[in-house]
Amino acid sequence: MKRFLLLFCLEIIFIFNSFSEINNFVIYKIKIHKEIDPTTRLYLSKGMEEAKAIGAEAIIIDLNTYGGTVVDADSMRSAILRSPIPVYTFINDNAASAGALIAIASKKIYMTKGASIGAATVVEQTGNAAPDKYQSYMRGRMRTTAEYHGKDTLVSGKDTIYKWIRDPHIAEAMVDQTISIPHISDSGKVLTFTTEEAILHGYCDGTAHDVKDIIENYLKITDYKITSYHPSWHENTKGFLLNPILQGFLIMIIIAGIYFELQSPGIGFPSIAAMTAAILYFTPLWMDGIAQYWEIILFVIGLVLIALEIFVITGFGIAGISGIILSIIGLTLALLNNDNLDFQPVEVPDVTRSVLTVMCGILSGFISMLYFSSRIGKPGIFNKIALHAEITSSISSAEEKNALTGKTGTSLTVLRPSGKVMIDGEVYDAVSEIGFIEENRAVKIIKQEAAQIYVSEVLP
């Protein structure tokens, strides 16, 4: 009998606990108190996945940002609009620029007293307004995001009036200073709302002190549990590596590393730097599911073709050009979230960002090559790179220059195009005038300019 009563009590406790869990609403909070960038985009994506996995009833974004990149904000905006779980935004002081787009995408917006929302003009890194084509795109995204929430039906006597829940014209005015809205925004000023103004014009659904205030006073939920998203070091690192500025810098290192490695024989620091940059570039993209293995293979094939053109095939033709094209395509496609060349989910800003990132990285790489090449051997940190100690004879006078010109010797290393030669028992740094020269080949000094010897191979 006692055993039966014990089992009965345990069953009652189990049923009670199960009932409590069913009625205990799970509210998932994602805190974004920083610039909108690939890291915050990753925060939202991972947070929404976790909220769905635990069966959360609602997601609340605790937002405080001065803005960030349009591409990442647009991606976050799309994720919010498509979320099967209702998303609410709590503007905890500021939602400027890209932050305004994210907030407007939410089902409801709540703000602290003294907060603000707006000022969504697209700006360049210099702080100046970006060209109109970027402003036009941002206006369109703000407008369509506001329109997504639809209209309210207001009945006034016999007339039925439809009013936008969030006026799209106001959303555009947050981007474009030329848009004038009577009694709201004067032409020549980008629109920014305070908390009270946002409530008055439908861009805020109420004031709140914190997330709990929203849940209890506006969502009317008393039995709830708040679960917060906590990013791991892995996600922070991956978000950092996905930054477009860093990606452009990594491309610059890849290009410059390959170039400088070709200037001297063997595997040295330039090739190690290039390989490390390539790994840091592709790994987070592959882990995030953006880059696919065939895109990485395209890049590698491109490098192989360039190497074949340099070391095997004389001149510079189809292999070299094809290698450059494939390398650029591999770097660019790795940034686009396509599915085996299906670009349907890829949006225009993603393509623009990818192309600009790769082109800026390549341009920076060529500028770096020119700059560092001109600095090697000169006073400063780059003076240590030049192998002064191995040059046993200096060239300082016109007589010595003229005496060396026309002399013959032997290449001590591979000249591709720079290396070392032996002339009259002395070792000199030299540059091949035409093509590459293998080791232990007869060479002749063609000219000498600015303390640099230029040689050509003496053919049998």
Side-chain angles (χ1 to χ4, degrees), residues 32 35-42 44-45 63 65-83 87 89 94-106 109 117-150 164 166-181 185 187-193 203 242-245 247-248 290 332-333 335-338 342-361:
I32 299 178
E35 180 182 359
I36 303 302
D37 59 12
T39 304
T40 51
R41 175 173 59 83
L42 191 62
L44 183 67
S45 175
L63 183 66
T65 182
Y66 287 99
T69 60
V70 175
V71 173
D72 293 302
D74 196 27
S75 176
M76 295 168 73
R77 164 252 184 212
S78 298
I80 293 171
L81 292 180
R82 297 168 185 166
S83 174
V87 180
T89 293
N94 197 17
S97 191
L101 179 61
I102 293 170
I104 294 173
S106 305
I109 302 173
I117 179 174
T121 301
V122 182
V123 297
E124 299 176 322
Q125 291 183 351
T126 58
N128 298 321
D132 186 62
K133 63 178 180 179
Y134 298 104
Q135 309 300 345
S136 176
Y137 180 82
M138 188 63 170
R139 285 196 302 268
R141 298 311 272 178
M142 291 285 282
R143 180 178 63 250
T144 190
T145 304
E147 290 175 350
Y148 181 86
H149 299 285
W164 288 107
R166 291 180 191 152
D167 190 340
H169 203 45
I170 290 177
E172 287 186 288
M174 291 182 178
V175 179
D176 193 342
Q177 61 185 5
T178 64
I179 295 176
S180 177
I181 303 176
S185 174
S187 180
K189 296 181 181 179
V190 177
L191 181 61
T192 300
F193 278 152
Y203 275 76
L242 289 173
N243 189 291
I245 296 177
Q247 288 172 332
I290 299 175
T332 305
L333 290 181
L335 295 174
L336 299 176
N337 191 19
N338 66 91
D342 178 11
F343 292 94
Q344 186 173 355
V346 179
E347 298 185 0
V348 175
D350 298 323
V351 178
T352 303
R353 184 194 67 170
S354 300
V355 173
L356 287 177
T357 299
V358 174
M359 290 298 103
C360 288

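Just so you know, residue 1 is the first one in the sequence shown, and it goes up from there. Atom set for the values below is all heavy atoms of this structure, side chains included, hydrogens, waters and symmetry mates excluded.
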Going from [atom1] on [X] to [atom2] on [Y], what distance comes out if it is rounded to the nearest 0.5 angstrom?
| X | Y | atom1 | atom2 | result |
| --- | --- | --- | --- | --- |
| Tyr203 | Arg166 | OH | CZ | 7.5 Å |
| Ile104 | His149 | CD1 | NE2 | 8.0 Å |
| Met174 | His169 | CE | NE2 | 12.5 Å |
| Leu191 | Asp176 | CG | CG | 11.5 Å |
| Ile181 | Glu172 | CD1 | CD | 8.5 Å |
| Leu101 | Arg141 | CG | CZ | 8.0 Å |

To check you understand the geometry: which heavy-atom pair defines the closest contact between [X] and [Y], and what is its length?
| X | Y | value |
| --- | --- | --- |
| Ser97 | Gly67 | CB-CA, 3.9 Å |
| Gly68 | Glu35 | CA-CG, 3.8 Å |
| Ala95 | Leu63 | CB-CD2, 4.0 Å |
| Met142 | Ala120 | CE-CB, 4.0 Å |
| Met138 | Val122 | CB-CG2, 3.5 Å |
| Gly248 | Thr357 | N-CG2, 3.8 Å |

Indicate yes or no: at least one non-hydrogen side-chain atom of [X] is less than 4.5 angstrom from one of [Y].
| X | Y | result |
| --- | --- | --- |
| Leu44 | Ile80 | yes |
| Ile170 | Trp164 | no |
| Cys360 | Gln247 | no |
| Gln135 | Asp132 | yes |

**Request:** Taking Thr121 for its side chain and Val175 for its backbone only, find out whether a donor-acceptor pair lies under 3.5 Å.
**Result:**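 The answer is yes, because a donor-acceptor pair under 3.5 Å joins these two groups.
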
**Request:** Examine distances only and state if a side-chain atom of Ser45 and a backbone atom of Arg41 form a donor-acceptor pair shorter than 3.5 Å.
**Result:**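 Answer holds: no.
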
**Asked** Pick from Asp37, Ile36, Leu42: which one makes a side chain to side chain contact (heavy atoms under 4.5 Å, CB included) with Thr39?
**Response**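 One option only clears the test, and that one is Asp37.
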
